[in-house]
Amino acid sequence: MLTLLFFLLYFLYLWLVIDLRLIYHNGGAILNFPVFYLEWEYFCQTVFWPGGLVGYVSAFFAQFFSIGWAGALVATVQAWLIWLCIGAIIRITSGRKLMRVSFVAPILILLLYCRYIYQFNVLMGALTALGFVCLYLKIPSRSNLVSFLAFLVLSVILYAIAGGAAILFVAICGVYELFLKRRLVLGLTFLLSAPIAAYIVSLAVFNISLISVFNNFIPRYQKGDIGNVFRLTAVYALYLLLPLTLVCLWLVETLRKRMSRVVLHGQRGAASTFESKVARMYAPFLAIIAGMLVAYFYHNSVLKTQIEVNYWSSNGMWPQIIEVYTQNPRNKFINHAADRALFHTGRLTQDMFAYGQQPDGLMLTSETATPLGMWRLFDTYIDLGQVNLAQHSLAMLMDMYGELPIFLKRLALVNMIKGDTSAARVYLGALSRTLFEAGWAKGWLEKIERDPNLSTDEEIQRLRSMMPATDRDFSSLNENIFFDLLERNRHNRMAFEYIEAFYLLTNQLEKFVGMLDRLNDFDYDRIPRVYEEAMLLYSYNTKKKVEVPGREISKESQERFGGFTMVYTERYKKNKPAAYNELAKDYGDSYFFYYVYGPAGMKK
Amino acid sequence: MSRRLIISVLVLFEILLSAALMVGWRGQTVAIDKYDVVDRPARIYPDYGSTVIPPNIAPLNFMIKEEGAYYCAKISSVNGRPIEVFSKSARIQIPEDRWHELLEKNRGNELSIDIFARGENRGWSRFGTITIKIANEDIDGYLVYRRMHPTHVLMRGRLGIFQRNLGNFDEKVVLDNRRSRYTAGCVNCHTFCNNRPDKVLIGVRTREEGDNTLLIEPDAVNKLKVKFGYTSWHPSGKQATYVVSRMFLFFHTAHFEARDTMDLDSMLTYYVADANNVRTSPGISVKERLETWPAWSADGKYLYFCSAPMLWPDQTKTLPKEYGDVKYDLFRISYDVENDKWGQAEPVLLAKDTGLSITMPRISPDGRWLIFCMCEYGSFSPWQPSSDMFIMDLKAAEQTGRYEYRRLDIDSDKAESWHSWSSNSRWIVFSSKREHGIFTRSYLSYVDENGKAYKPIVLPQKDPEFYSYTLETFNTPEFVTGPVIATGEQLARVVRGAAAISVEIPKTMATPKPEKSQEWQEFKQ
């Protein structure tokens with residue numbers, strides 16, 4: 001019962017807390033999440049390579065991570081099967097039930113998920129190897145020759161289907177024969193003949209180098225992977241768990257035999273029965289405690305938030321982003337997503353300084369060439385109309401992360417906007433062969449079939465009307481990224497609000513004011529509050545009046561500015577530290593405060 | 001009944017049922033006695049109608065783009081048994097043996113494809129006949145090309161050179177990054193001497209191994225520690241001329257094709273195999289000019305190449321504002337291979353006369369025809385939608401003294417480039433973006449003795465829908481008369497191996513050594 005409870009809690013934790021959809025979505029955090037296509041060429045490319053079959057199967061199941069509960073179920077079942085195999089192997093090889101050892105594996109796996117590290121394929125390789133060990137142990141093994149042949153055949157098959165994971169099989173079988181069955185020659189032969197099996201696979205089966213056989217499922221250090229330490233520790237601990245356990249069992253048994261020659265059978269029998277009953281109870285109980293501790297100490301909630309925000313951003317879930325941003329005001333990636341959310345909810349020009357703002361957050365200018373930056377920027381570029389910039393980011397990311405569905409969807413969209421529906425069809429064609437994105441893709445393919453130029457699709461037409469006409473090289477962009485858009489379409493609201501936001505964030509009020517004549521190109525019912533504040537500041541600093549035809553600065557903003565200047569200049573004589581608390585309390589959400597102090601969103 | 005027996009019977013029943021269903025799924029042969037006539041040919045994809053095909057080409061499987069629940073395609077010609085393919089799906093896959101038999105018996109004749117379609121509750125309709133001409137001349141047995149994503153800078157994804165048997169659908173790796181085990185890099189510039197599979201140069205640029213060139217010869221495969229750009233073998237095989245350049249990759253915000261590249265500086269040099277050194281000549285490495293795209297004439301007496309004036313200071317490291325003004329001329333220079341003597345470069349066609357930039361000259365093995373590309377500016381036409389192919393009659397030019405050219409009828413409004421001739425000068429293969437936008441595909445076209453190019457066919461695939469979902473481009477196609485003699489792991493071992501031949505490069509090079517490629521830019525973390 002307790003074991004069932006352990007795995008039930010495991011499943012619920014993965015589903016509701018970790019949320020494996022975030023691993024599927026990726027957000028730039030995971031370098032090795034697999035693609036999966038339901039088509040023959042993909043099958044051939046994947047399977048006809050060492051480790052390919054297991055890789056294919058794990059890629060298939062990994063797609064279920066896109067459905068929260070299904071992914072959690074798949075991951076839990078995998079952990080359970082590994083637990084089951086380890087327990088069975090220990091029981092068969094040593095005659096002992098060491099449940100507490102079996103539970104170490106799912107705990108190590110949980111550690112990986114807590115850190116949002118994807119190793120589902122490696123674990124599948126390990127599971128396959130453990131399954132083959134069980135198979136080997138089931139083969140009657142009176143003769144050394146039969147055992148050796150069985151081992152060789154199984155290891156060749158395992159190298160072919162699971163690549164480097166076969167080393168686990170070799171290690172366990174070798175240790176078992178060497179130490180527990182005391183068939184020294186056989187055990188040593190197993191360990192030494194492992195390269196032979198790998199060589200047979202590399203040469204006779206695939207015609208590739210020996211090392212290529214081990215490329216799959218043997219984790220190694222990956223540059224740029226933030227989870228290197230946890231990944232390598234957890235996976236190698238998992239690989240070493242059983243071989244070391246078997247060696248320890250042998251040691252314990254050897255010592256026990258030496259120390260105690262005479263044991264009363266009845267007493268021993270009673271002691272082991274009692275021991276098993278206790279072990280059956282406390283092992284899962286300990287495992288539950290261990291799992292809770294791992295979840296508490298190792299859950300990377302910061303990374304989770306980052307991926308989550310990106311997930312929401314990709315799916316237009318704006319309120320969730322804004323809410324999270326209040327708790328993470330210093331994270332520029334979340335800042336970027338929050339600004340986009342504020343724009344899409346019509347609040348950028350009203351409330352942007354009610355939240356933490358940093359100049360780099362608006363367009364991630366220092367991150368345009370980094371994977372995390374590009375991952376966040378391609379949707380922003382599309383929203384703005386800078387379609388080639390989006391295409392460039394997506395192409396770079398696809399080269400780095402693979403043909404992930406999100407890239408294919410966006411590249412299809414980008415090409416539809418550019419009018420290259422023939423290229424869009426190819427991306428959609430690929431998507432229509434995935435497990436869970438096929439419906440979306442087929443919908444668009446049918447639309448293109450009916451309307452090849454998508455002339456009746458309002459959203460596509462709107463985005464097309466925003467693409468810049470003035471061509472520039474990417475390296476010479478700066479503010480032109482927005483000017484070119486406004487030159488093409490004066491009504492590109494996002495370009496306008498973003499360039500103004502950029503000027504406000506960098507305190508370039510002269511330039512900000514210079515753009516105000518465009519305000520009437522949009523349907524603002526009044527001058528946005530943040531703009532009023534900036535206009536008042538500009539007038540105060542330069543003694544120049546700022547006017548927008550047909551509009552006036554509201555009394556409310558004027559009074560607020562009056563209050564701010566009274567506190568800051570008259571009461572505190574522009575002593576910034578002294579004035580901070582009072583100004584933050586009443587004006588922390590204003591541009592006035594940002595202009596003076598930099599950080600925003602300090603209103604209490 | 002024992003349990004085992006019951007299980008065995010059940011398993012056998014399942015097998016038989018599955019087999020029956022599979023047979024049932026395949027279209028059964030039916031007699032089509034009555035049908036309505038549709039007064040137009042059926043729409044098929046790929047569109048093979050009115051094309052000219054090689055008699056040794058793989059089956060031209062296709063999709064029928066007409067409504068229906070059952071289909072039949074009858075393929076016939078003057079001689080031999082017609083082929084009938086029935087299908088419950090719109091996918092027509094022609095049996096390979098029957099196809100080859102039919103084509104072999106009908107060289108020079110027309111192939112007719114009659115398509116029938118039937119709805120669930122209606123009778124058969126027969127569409128107008130689609131005709132295809134079968135050429136007399138074979139196409140070379142193999143095509144070697146590169147497959148990769150339409151990448152922008154990095155090349156960490158799957159990338160490789162493949163060879164395809166044009167008589168069937170077999171495709172094998174020549175060299176790819178998976179076997180070579182490099183994490184970022186490129187394989188390209190595969191050049192075959194006289195379409196031979198046993199004298200090949202392949203450029204390999206990787207982060208791990210640096211820039212090298214593989215030289216495949218009948219008795220050995222060696223790695224040369226030198227980077228070859230676009231290369232052309234002298235027909236004698238004694239030397240290979242290649243480009244040395246400083247390329248600059250950049251991107252447009254408002255062009256249809258976002259990517260662009262140019263040579264900040266370039267010159268031609270040549271590798272002399274016997275001496276194992278690299279040389280150049282003043283005629284092909286003028287300091288004030290950018291030379292590129294070498295192409296040897298069939299008799300080896302002339303090197304054709306493209307050349308443009310350098311419009312910026314020679315140490316420029318950033319994008320010059322004049323990049324859009326660079327237009328390349330077509331030149332040729334005489335050469336005596338026995339004495340390694342070069343003549344004076346002479347213009348063949350000037351950009352000021354064409355108004356366009358001339359790139360990628362390739363001469364047919366019989367020496368008669370020169371096909372080249374022209375585009376709005378620059379040297380890299382594959383990334384310019386304006387790029388089209390043109391043909392020039394060299395034999396006529398010898399007689400008249402005038403180099404006249406015309407656009408090939410087979411051009412489209414998208415980029416055409418990377419053309420290559422078959423060994424018998426009757427077929428060309430080229431890369432085109434006509435059907436799938438940025439996804440370049442390889443097309444085969446027949447060129448008759450008058451230089452007329454016929455409607456091309458896309459490289460046929462077993463799955464006729466293949467190109468509708470493949471995210472890789474097929475570029476730099478080259479005809480080869482047989483399978484490349486060293487491929488896959490053999491080549492990968494050489495790439496990975498430490499052994500490499502140093503090549504003597506003279507100190508008096510007109511152009512500085514190429515800088516480290518932009519492709520190894522690291523993401524900032």
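Quick note on labels: first sequence line is chain A, next is B, and so on, each numbered from 1. The analysis underlying the following values was restricted to heavy atoms, covering all of them including side chains, and did not include hydrogens, waters or symmetry mates.
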Minimum-distance pair of heavy atoms, taken over all atoms of [X] and [Y]:
| X | Y | result |
| --- | --- | --- |
| Y427(A) | P150(B) | OH-CG, 4.4 Å |
| D471(A) | T253(B) | OD1-N, 3.2 Å |
| K418(A) | H255(B) | NZ-O, 4.1 Å |
| A423(A) | G437(B) | CB-CA, 4.1 Å |
| A469(A) | A254(B) | O-CB, 3.7 Å |

- Name all residues meeting the ring-ring contact (aromatic ring centres under 6.0 Å, His included) criterion together with Y498(A); count only those two or more places apart in sequence or in a different chain, and write none if there are none. none

- Message: Using side-chain heavy atoms (C-beta onward) and a distance below 4.5 Å, is R496(B) in contact with S209(A)?
- Response: yes

- Item | Residue pair D420(A) / F256(B), side-chain heavy-atom distance below 4.5 Å | yes

- Note on the structure: Ranked by heavy-atom pairs below 4.5 Å to chain B, first place among Q386(A), E403(A), Q391(A) goes to E403(A)

- Task: Mind ranking R488(A), R425(A), E41(A) by heavy-atom pairs under 4.5 Å with chain B and telling me who comes out on top?
- Result: E41(A)

- Query: Could K462(B) and E39(A) be called an ion pair, given the rule that one side-chain N must be under 4.0 Å from one carboxylate O?
  - Reply: no

Is the number of heavy atoms from other residues, nucleotides or ligands within 6.0 Å of [atom1] ([X]) greater than 12?
| X | atom1 | answer |
| --- | --- | --- |
| E479(A) | CD | yes |
| E322(B) | CD | yes |
| Y42(A) | OH | yes |

[atom1]/[X] to [atom2]/[Y] distance, rounded to the nearest 0.5 angstrom?
| X | Y | atom1 | atom2 | answer |
| --- | --- | --- | --- | --- |
| D473(A) | H252(B) | CG | NE2 | 8.0 Å |
| M398(A) | H149(B) | CE | NE2 | 4.0 Å |
| T421(A) | H436(B) | OG1 | NE2 | 11.0 Å |
| H392(A) | F251(B) | NE2 | CZ | 4.5 Å |
| S475(A) | F248(B) | OG | CZ | 6.0 Å |

For [X], which atoms come within 4.5 Å of any heavy atom of chain A: side chain, backbone, both, or neither?
| X | value |
| --- | --- |
| F439(B) | side chain |
| Y323(B) | side chain |
| K414(B) | side chain |

- Proximity breakdown for W49(A) and chain B, heavy-atom pairs closer than 4.5 Å: side chain

- What part of L408(A) lies closer than 4.5 angstrom to a heavy atom of chain B: side chain, backbone, both or neither? side chain

- Message: For the interface with chain A, which of T318(B), L471(B), I438(B) has the highest count of heavy-atom pairs at distances below 4.5 Å?
- Response: L471(B)

